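Reading through the structure tokens given below for one structure.
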Amino acid sequence: MIKRQAIPVFKELASQFKAVALTGPRQSGKTTLAKMVFPKKPYVTLENPDEKNLALSDPRRFLSRFPKGAILDEVQRAPELFSYLQQILDEKKEKGLFILSGSNNFSLLENISQSLAGRVGYLELLPFSIAETESTPDYSGNLYDQIFFGGFPSIVFEKTKPRLWFPSYIRTYVERDVRQIKNITSLHLFQRLLYLCAGRIGQQVNLSNLSIEVGMDYKTVQSWLGVMEASYLIYFLPPYYKNFNKRIVKTPKLYFYDTGLACYLLGIKQPDELMHHAHRGALFENLLITELLKNRFNNGDRSNLFYFRDSTGNEIDVVIDEGKYLTAVELKAGQTISGDYFKNLHYWKKLTGQKKGFVLYAGEQKNAGINDFLVENWKMVKNM
């Protein structure tokens with residue numbers, strides 16, 4: 001069993017709120033985590049047809065079976081429960097009574113906001129972080145293995161082959177989660193959009209181009225991307241444009257929550273293919289940005305990650321907004337330090353007056369002598 005980094009925050013939330021909402025991608029380990037932290041609580045999944053039918057037809061009787069609380073998995077499948085849960089939570093004094101788990105962020109949070117606002121703490125659990133992956137058997141420490149296999153426990157811990165696991169994952173996701181969020185009739189076109197997104201990792205979202213390639217109208221593509229985001233397939237990194245007089249790009253950039261899934265969609269069959277692959281740099285960037293996101297979610301924090309780009313093409317891969325100051329981070333997939341790595345950091349320093357910035361790259365050498373900008377190995381991201 002891998003000890004998840006989110007355990008302390010999970011326990012703290014349960015000590016402060018009467019219920020905790022545990023969300024994240026399908027198969028990211030939510031059920032395992034909930035059972036490990038709360039082994040004495042009854043576990044019920046509403047993917048079980050009998051349990052779902054009872055919850056829908058007689059929610060009072062369904063909940064009466066759990067006077068001391070329970071872990072309710074995929075609870076968004078029975079929205080009728082939330083109004084009755086409100087009454088139970090208001091009458092009880094105990095903290096951490098119910099754990100509400102689900103892989104559909106939109107539906108779960110919508111129901112909570114309508115009925116349980118102020119009564120529920122939130123924790124988002126993504127697939128394994130680099131630090132968690134390091135605890136798995138036979139961890140190689142190789143960058144390309146980290147990108148290729150991603151962080152889903154079934155692949156990293158149980159050693160299921162990606163070429164066998166991801167097709168089933170996508171099929172389950174499309175046939176269950178997508179239809180649950182939105183009545184999408186053309187699943188073929190939806191899958192096509194998913195594959196097209198994999199080819200646009202690290203790029204600014206261009207809805208017009210996507211709509212042309214998919215063969216759907218602009219608003220439909222925009223809606224479908226929202227579905228992918230709500231079900232934790234893709235992530236939009238917002239631009240940072242505060243306090244600038246220059247023309248700043250305000251379009252978000254697209255990334256996947258798991259690089260293993262992205263590799264599968266791109267048709268990458270082995271880790272060593274990444275060494276010369278056209279998307280190597282984008283996938284490297286995706287890995288580190290998602291890792292920064294995992295660090296924040298595992299600590300119960302919101303994302304403070306942005307990117308910066310102006311109309312003339314000057315760009316910073318990641319801007320970390322620390323409140324009083326900003327940290328600029330450049331992500332470089334090369335293994336040899338080059339002066340070009342620091343060009344945008346110099347521009348950022350001149351533009352903002354902020355001196356804190358460094359480079360994360362794929363090499364092993366550390367260097368602190370190039371105009372005060374640090375260079376660190378990519379694994380340092382787990383400490384950021």
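Note that the structure is predicted; figures quoted are calculated from it, not measured. FYI, side chains are in, hydrogens and waters are out, and symmetry mates aren't considered; it's all heavy atoms of this structure.
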Residue pairs involving residues 1-37 (criterion ring-ring contact (aromatic ring centres under 6.0 Å, His included); sequence neighbours excluded):
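Applying ring-ring contact (aromatic ring centres under 6.0 Å, His included) to every pair that reaches into residues 1-37, excluding sequence neighbours, yields F10-F38.
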Counting distance only, does the side-chain N/O of D321 pair as donor-acceptor with the main-chain N or O of L326 below 3.5 Å?
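It does not hold such a pair.
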Please answer whether the main-chain N or O of Y139 pairs with a side-chain N or O of T136 as donor and acceptor at a distance below 3.5 Å.
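No; zero donor-acceptor contacts below 3.5 Å.
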Provide the closest heavy-atom pair for P252 versus F236 in the form atom of the first, atom of the second, distance.
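Smallest interatomic distance, heavy atoms only, reads CB-CB, 4.0 Å.
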So which heavy atom on Y144 is nearest to which on P271, and how close?
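Shortest heavy-atom separation between Y144 and P271 comes out as CB-O, 3.5 Å.
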Given the ring of Y43, does K35 sit roughly above its face, with NZ or CZ under 6.0 Å from the centre of the six-membered ring and within 45° of the axis?
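Here K35 passes the 6.0 Å and 45° test against Y43.
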Going by the side-chain hydrogen bond (donor to acceptor under 3.5 Å, both in side chains) test, which pairs reach into residues 88-97, not counting sequence neighbours?
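Pairs touching residues 88-97 that pass the test: Q87-E91, D90-R119.
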Do W378 and M275 share a hydrophobic cluster, counting only Ile, Leu, Val, Met, Phe, Trp and Tyr and linking them when any side-chain heavy atoms are less than 4.5 Å apart?
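Yes, one cluster joins them.
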Any chain of hydrophobic side-chain contacts (each under 4.5 Å) joining I2 to W165?
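No, no single cluster joins them.
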If you look only at pairs with a residue in residues 324-341, which of them pass as a salt bridge (Lys or Arg N to Asp or Glu O under 4.0 Å), with sequence neighbours excluded?
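Applying salt bridge (Lys or Arg N to Asp or Glu O under 4.0 Å) to every pair that reaches into residues 324-341, excluding sequence neighbours, yields E330-K332.
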By the salt bridge (Lys or Arg N to Asp or Glu O under 4.0 Å) test, which pairs, at least two apart or in different chains, include something from residues 269-282?
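Non-adjacent pairs meeting salt bridge (Lys or Arg N to Asp or Glu O under 4.0 Å): zero.
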By salt bridge (charged side-chain N to carboxylate O under 4.0 Å, His left out), which residues pair with R163, not counting sequence neighbours?
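Counting only residues at least two positions away or on another chain, R163 forms no salt bridge (charged side-chain N to carboxylate O under 4.0 Å, His left out).
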Partner set under salt bridge (charged side-chain N to carboxylate O under 4.0 Å, His left out) for R65, not counting sequence neighbours
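For R65, the residues satisfying salt bridge (charged side-chain N to carboxylate O under 4.0 Å, His left out) (neighbours in sequence not counted) are E51.
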In terms of the angle between their ring planes, are F166 and Y169 parallel, tilted or perpendicular, with boundaries placed at 30° and 60°?
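Judged by the thresholds at 30° and 60°, the geometry between F166 and Y169 is perpendicular.
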